[in-house]
Asker: 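Below you will find the structure I want to go over with you.
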Amino acid sequence: MNRETIRARIEEIGIVPAIRLSSAEDALFAVKAVADGGIPIAEITMTIPGAIEVISELARDRPELIVGAGTIVDTETARRCLDAGAMFLTSPGLDIRVVRFAVKRNVVVFPGALTPSEIMTAWKAGSDFVKVFPCSRLGGAGYIKALKSPFLHIPLIASGGVTHGNVADFILAGAVGVGIGRDLINPEAVRRRELDWIRELAGRFLQIVKRARSLKAM
């Protein structure tokens, strides 16, 4: 898949599951569960022990998935993740060097940004999306709505505090997608290897996003 296809697929699905677990085995289980639930996207965060090996294994064994690397804070880690097969890069904050590195490699990138100035800087540097993080701490959906007024042309992904109860609000406010962690990748479900539990959550989130988009289009 090329950059344009990956970008379009992320926007189409509208959900980026953030896999932030305590072992590689847990991460692989979680990716399978969300993919089986209809979300073939996974952000493998660098906080997972052996995260780059997880990316490599998924890129080799599950080429149909869009597997990216999260919590990228420097270009060397970004390079290692891309060499392992990562299809996108994302970060909790804005490091222009990482954005420029991804653009040079023709890879989808969406850095974290919080202020209007950071969002403008990220977009001008060539980001495919801008991840507003931590979104809920600054007013949640209301903050996204406020940002979309001057930044109508910038595709924003809301991340940080997105839950089953507020995901529709973020979409209605103008976010093209959301990043979801614990509310989708339930740690207890992972510990107990409850595949159906996470599958059901994934399907539920997908339906909420779909309904919210339908309402927004009316």
Side-chain angles (χ1 to χ4, degrees), residues 2-20 39 41-46 66-75 77-78 81-82 86-163 166-181 184 205 209 212-213 216:
N2 59 27
R3 183 179 182 182
E4 290 72 25
T5 301
I6 292 166
R7 181 170 54 219
R9 189 74 171 128
I10 290 172
E11 188 164 350
E12 176 191 352
I13 294 169
I15 298 172
V16 180
I19 314 296
R20 191 180 300 277
I39 306 176
I41 301 172
E43 173 194 333
I44 306 300
T45 65
M46 293 299 102
I66 297 173
V67 178
T71 324
I72 301 297
V73 296
D74 57 75
T75 55
T77 303
C81 289
L82 294 187
M87 297 181 181
F88 66 83
L89 300 174
T90 184
S91 58
L94 177 59
D95 187 325
I96 290 297
R97 292 168 299 179
V98 172
V99 176
R100 288 175 177 161
F101 174 78
V103 171
K104 187 176 180 180
R105 293 281 294 263
N106 200 29
V107 172
V108 169
V109 60
F110 42 104
L114 194 56
T115 68
S117 295
E118 289 177 341
I119 291 168
M120 288 172 60
T121 301
W123 185 246
K124 288 179 179 180
S127 300
D128 297 273
F129 306 95
V130 179
K131 180 172 72 175
V132 182
F133 175 84
C135 194
S136 291
R137 296 292 185 180
L138 262 75
Y143 188 52
I144 293 291
K145 186 174 182 179
L147 290 171
K148 287 302 293 184
S149 181
F151 299 136
L152 191 62
H153 62 297
I154 300 179
L156 303 178
I157 293 178
S159 181
V162 178
T163 68
N166 64 21
V167 63
D169 296 333
F170 284 111
I171 299 299
L172 290 168
V176 300
V178 293
I180 308 176
L184 173 56
F205 273 110
V209 168
R213 285 174 168 176
K216 192 171 183 294

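Every value quoted in this text rests on a predicted model; they were computed, and no experiment measured them. Residue numbers run from 1 in the order of the sequence given.
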Asker: Supply the atom-to-atom distance L184 CG to T163 OG1, rounded to the nearest 0.5 angstrom.
Answerer: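 Reported value, rounded in 0.5 Å steps: 12.0 Å.
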Asker: For the backbone of D169 and the side chain of N166, can you confirm whether one donor and one acceptor N or O come within less than 3.5 Å of each other?
Answerer: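 Side chain of N166 to backbone of D169: no pair is present.
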Asker: Atom CD1 of I39 and atom CD1 of I180: how far apart are they, to the nearest 0.5 Å?
Answerer: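 Those atoms lie 6.5 Å apart.
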Asker: Which pair of non-hydrogen atoms, one from D128 and one from P155, has the smallest distance, and what is that distance?
Answerer: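 D128 and P155 have their closest heavy atoms at O-CG, 3.3 Å.
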Asker: Which value, rounded to the nearest 0.5 Å, describes the distance between C81 atom SG and L89 atom CG?
Answerer: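 Here the rounded value is 7.0 Å.
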Asker: Donor-acceptor check, side chain of K148 to backbone of I154, threshold 3.5 angstrom: yes or no?
Answerer: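 Pair found, side chain donor or acceptor close to backbone of I154.
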Asker: Can you see which heavy atom on V107 is nearest to which on M87, and at what distance?
Answerer: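 Heavy atoms of V107 and M87 come nearest at CG1-O, 3.6 Å.
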Asker: Could you tell me whether the side chains of T90 and K131 share a donor-acceptor contact shorter than 3.5 Å?
Answerer: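 Per modelled atom types, T90 and K131 side chains form a pair under 3.5 Å.
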Asker: If I compare all heavy atoms of P116 with all of F151, which pair ends up nearest, and what's the gap?
Answerer: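 Reported closest heavy-atom pair: O-CZ, 3.7 Å.
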Asker: Would you indicate whether the side-chain heavy atoms of V98 and S91 approach each other to under 4.5 Å?
Answerer: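 Heavy-atom side-chain distance check fails, nothing below 4.5 Å.
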Asker: Parallel, tilted or perpendicular: which one describes the rings of F110 and F129, with boundaries at 30° and 60°?
Answerer: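 Judged by the thresholds at 30° and 60°, the geometry between F110 and F129 is perpendicular.
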Asker: So which heavy atom on S127 is nearest to which on P111, and how close?
Answerer: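 Nearest heavy atoms, S127 then P111: OG-CD, 3.2 Å.
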Asker: Show your working on side-chain contact (heavy atoms from CB on, under 4.5 Å) between E43 and F88 and close with a plain yes or no.
Answerer: CA-CA 8 Å; E43 173 194 333; F88 66 83; 4.1 Å; yes
Asker: Taking atom OG1 of T75 and atom CG of D95, what is their separation to the nearest 0.5 Å?
Answerer: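 Rounded to the nearest 0.5 Å, the OG1-CG separation comes out at 7.5 Å.
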Asker: Say you draw a straight line from CG of N106 to CZ of R3; how long is it, rounded to the nearest 0.5 Å?
Answerer: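 Result: 5.5 Å between the selected atoms.
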Asker: Quick test of your reading: applying salt bridge (charged side-chain N to carboxylate O under 4.0 Å, His left out), list the pairs with at least one residue in residues 98-107, sequence neighbours left out, ordered by first then second residue.
Answerer: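 Residue pairs with at least one partner in residues 98-107: D83-R105.
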Asker: With V167 as reference, evaluate V162, I15, L172 under the side-chain contact (heavy atoms from CB on, under 4.5 Å) test and give the passing residue.
Answerer: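 Exactly one pass, corresponding to V162.
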Asker: Verify, without hydrogens or angle tests, whether E118 (side chain) and L114 (backbone) share a donor-acceptor contact under 3.5 angstrom.
Answerer: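 Side chain of E118 to backbone of L114: a pair is present.
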Asker: Which heavy atom of I41 sits nearest to which heavy atom of R9, and what is that distance?
Answerer: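 Heavy-atom minimum between the residues: CD1-O, 4.4 Å.
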Asker: Write down the atom of M46, the atom of A69, and the distance for their closest heavy-atom approach.
Answerer: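 Nearest heavy atoms, M46 then A69: CE-CB, 4.1 Å.
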Asker: Counting only N and O atoms by type, is there a donor-acceptor contact under 3.5 Å from the side chain of R213 to the main-chain atoms of V176?
Answerer: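 Yes.
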Asker: What is the distance from atom OG of S159 to atom CZ of F170, rounded to the nearest 0.5 Å?
Answerer: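 Answer rounded to 0.5 Å: 9.0 Å.
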Asker: Within the 4.5 Å heavy-atom criterion, are I119 and L156 side-chain neighbours or not?
Answerer: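 They are in contact (side-chain heavy atoms under 4.5 Å apart), so the answer is yes.
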